[in-house]
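These figures come from a predicted structure and were not determined experimentally.
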Amino acid sequence: MAQELNPTAFSSNAAHFSNNTDQFGFDAELHQTGKNKAPLFHFHDFYEFAIYLGKEPAKFRLLDQEYEVNFGDIVRCDLMDEHVWLVRDNDAHMRFCVGLTFNFVMSCSTKTDNLIQIFSRNGSGYPVLHLGSLDIHKYIDLINAFQDCSLEHGKMVFQLGILHQMLAYLQDDFLRFNSGGAPLTRQDNLVCELINYINLHIGEDLSLKTLGRMTNYNPTYLSRTFKNITRSTLKLYIDEKRINTATLLMGKGTPLTEIAVEVGFQNYCTFYNTFRRIMGVSPESYAKTREEGEKDNRRLVTWQENG
């Protein structure tokens, strides 16, 4: 017999947790009350899964399709896939959302357990994995442990351990619906290496020639492999990362001309045109909007805006 969710099963002081200090970052949050934080159709360059615990069914849109999500479902989202939760508020649509960088998922994978496959568009039941009320309770126990950690020291280590357990459960549940597992490929490792290098050298030369020399691979092969894995061109990914970094620097009051150089653009004209193409507004207009406290309409969502 299916168990019902106890309304008091979760802490009333649900909070936002994140470690976005490096390329192995994560972001986790229990969306329990209030408005949906990300009501816009958006994408991001990290993997995401959401454990749905809502009292009412929800709608989730991925690319050009809508999916119904019910209590006990887990929604997964691959890199760069445009998506949105079609809910106005969280009160009846509780969910625990986790964002994980490519490198984080890779670091948890082994030769026999390729955790990247959990988020693969080619897997059965993508994007919604239907587990039901019985199977979902093992995740609820981990969510509570994640939130209620009272350690004065070692809290981040504890939370990382919880996320590793969630990924282990996800891998096991995923493989129950997908016979066999796909091992990590050379292409997976190559894309991981590229993303890591780009994140650490965003203000430097990131031409295909430079990346090819760094990885010892043909530039054309690099470009094709990156697109096959992420569905984004390498150039677009680099441009998005540079502009996203620029928007963060704007929040610190750095002059726009200095920002352009710091994030890797050769001149301000190229920075201006790239910024306008990606953000839909000029750097000056965007900076002014930030100062006035108006809503940020970026499509590439940063960790704090993950929803």
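Looking at D91, its side chain does come within 3.5 Å of a backbone N or O of G34 through a donor-acceptor pair. Not a single donor-acceptor pair under 3.5 Å links the side chain of Y221 to the backbone N or O of G212. Counting only distance, with no hydrogens or angles, the side chain of S223 and the backbone of P219 share no donor-acceptor pair below 3.5 Å. In this structure a side-chain-to-backbone donor-acceptor pair under 3.5 Å is missing from D78 to D81.
Ring centroids of F271 and Y268 are separated by less than 6.0 Å, placing the two rings close together. Ring centroid separation for the pair F104 and H164 comes in under the 6.0 Å cut-off.
With a 4.5 Å cut-off on side-chain heavy atoms, K55 and M94 do not count as touching. The side-chain heavy atoms of Q187 and N228, taken from C-beta on, include no pair separated by under 4.5 Å. By the 4.5 Å heavy-atom criterion applied to side chains, Q117 and L175 are counted as neighbours. Between T247 and F275, some side-chain heavy-atom pair lies under the 4.5 Å cut-off. Inter-residue side-chain proximity for L163 and F146 is flagged as met; some heavy-atom pair is nearer than 4.5 Å. Residues M250 and P283 meet the side-chain proximity criterion, which asks for heavy atoms closer than 4.5 Å. In this structure, the side chains of F49 and L129 stay at 4.5 Å or more apart for every pair of heavy atoms. Taking 4.5 Å as the limit, some side-chain heavy atom of F102 sits within range of a side-chain heavy atom of I116.
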Apply the test side-chain contact (heavy atoms from CB on, under 4.5 Å) to residues Y126 and S120: give CA-CA distance (whole Å), side-chain angles for both, the deciding distance (0.1 Å), then the verdict. CA-CA 7 Å; Y126 181 78; S120 173; over 6 Å; no

Starting from the C-alpha separation in whole Å, work towards a yes-or-no answer on side-chain contact (heavy atoms from CB on, under 4.5 Å) for I259 and F265. CA-CA 9 Å; I259 289 175; F265 289 94; over 6 Å; no

Show your working on side-chain contact (heavy atoms from CB on, under 4.5 Å) between R76 and Y47 and close with a plain yes or no. CA-CA 8 Å; R76 297 150 296 143; Y47 295 114; over 6 Å; no

Do C97 and E29 pass the side-chain contact (heavy atoms from CB on, under 4.5 Å) test, and can you show the C-alpha distance, the side-chain angles, and the key distance before you say yes or no? CA-CA 5 Å; C97 294; E29 182 171 8; 5.6 Å; no

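Scanning all heavy atoms of the two residues, the minimum distance from A92 to Y52 falls at O-OH, 3.7 Å. Taking each heavy atom of T210 and D205 in turn, the nearest pair found is OG1-OD2, 2.5 Å. Of all non-hydrogen atoms in N90 and T33, the two that sit nearest each other are ND2-O, 3.6 Å. Residues Y237 and M80 come closest through the heavy atom pair CD1-CE, 3.4 Å. Here the closest non-hydrogen pair linking R121 and L79 is NH2-O, 2.9 Å. Nearest heavy-atom pair across L249 and V263 is CD1-CG1, 3.9 Å.
Ring geometry for F46 against H44 counts as parallel: the plane angle stays under 30°, on a 0 to 90° scale with 60° as the upper cut.
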Contacts under 3.5 angstrom, residues 61-75 side chains, donor-acceptor by atom type, not counting sequence neighbours:
residue	atom	partner	partner atom	Å
R61	NE	L63	O	3.1
Q65	OE1	Y67	OH	3.3
E68	OE2	N70	ND2	3.3
D73	OD1	H130	ND1	3.0
D73	OD2	N70	N	2.7
D73	OD2	H130	ND1	3.3

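Once rounded to the nearest 0.5 Å, the distance linking OG1 of T110 with CG of L115 reads 7.0 Å. Rounding to the nearest 0.5 Å gives a distance of 8.5 Å between OG1 of T225 and CG of L194. Interatomic distance, D172 CG to L167 CG, rounded to the nearest 0.5 Å: 12.5 Å. Atom OH of Y217 is separated from atom CG of L222 by 8.5 Å, given to the nearest 0.5 angstrom. Between the CD1 atom of I238 and the CD1 atom of I243 there is a distance of 12.5 Å, given to the nearest 0.5 Å. Within the model, atoms CG of L211 and CD of E193 stand 10.0 Å from one another, a figure rounded to the nearest 0.5 Å.
With hydrophobic clusters built from ILVMFWY side chains whose heavy atoms lie under 4.5 angstrom apart, F177 shares a cluster with I136. Both F26 and L151 sit in one connected hydrophobic cluster of ILVMFWY residues. Membership requires side-chain heavy atoms under 4.5 Å apart, directly or through other members. In the hydrophobic clustering of this structure, L236 does not group with I198; members are Ile, Leu, Val, Met, Phe, Trp, Tyr whose side-chain heavy atoms approach within less than 4.5 Å, directly or through other members. Cluster annotation: Y286 is not connected to V261 through the hydrophobic network of ILVMFWY side chains, with a link wherever side-chain heavy atoms come within less than 4.5 Å. A continuous path of ILVMFWY side-chain contacts below 4.5 Å connects M214 to I202, so both sit in one hydrophobic cluster.
Counting only residues at least two apart or on different chains, the salt bridge (charged side-chain N to carboxylate O under 4.0 Å, His left out) pairs with a member in residues 134-144 are D135-R176, K138-D173.
Annotation: ring pair (Phe, Tyr, Trp, His ring centres under 6.0 Å) contacts of F60 (sequence neighbours excluded): H83, W85.
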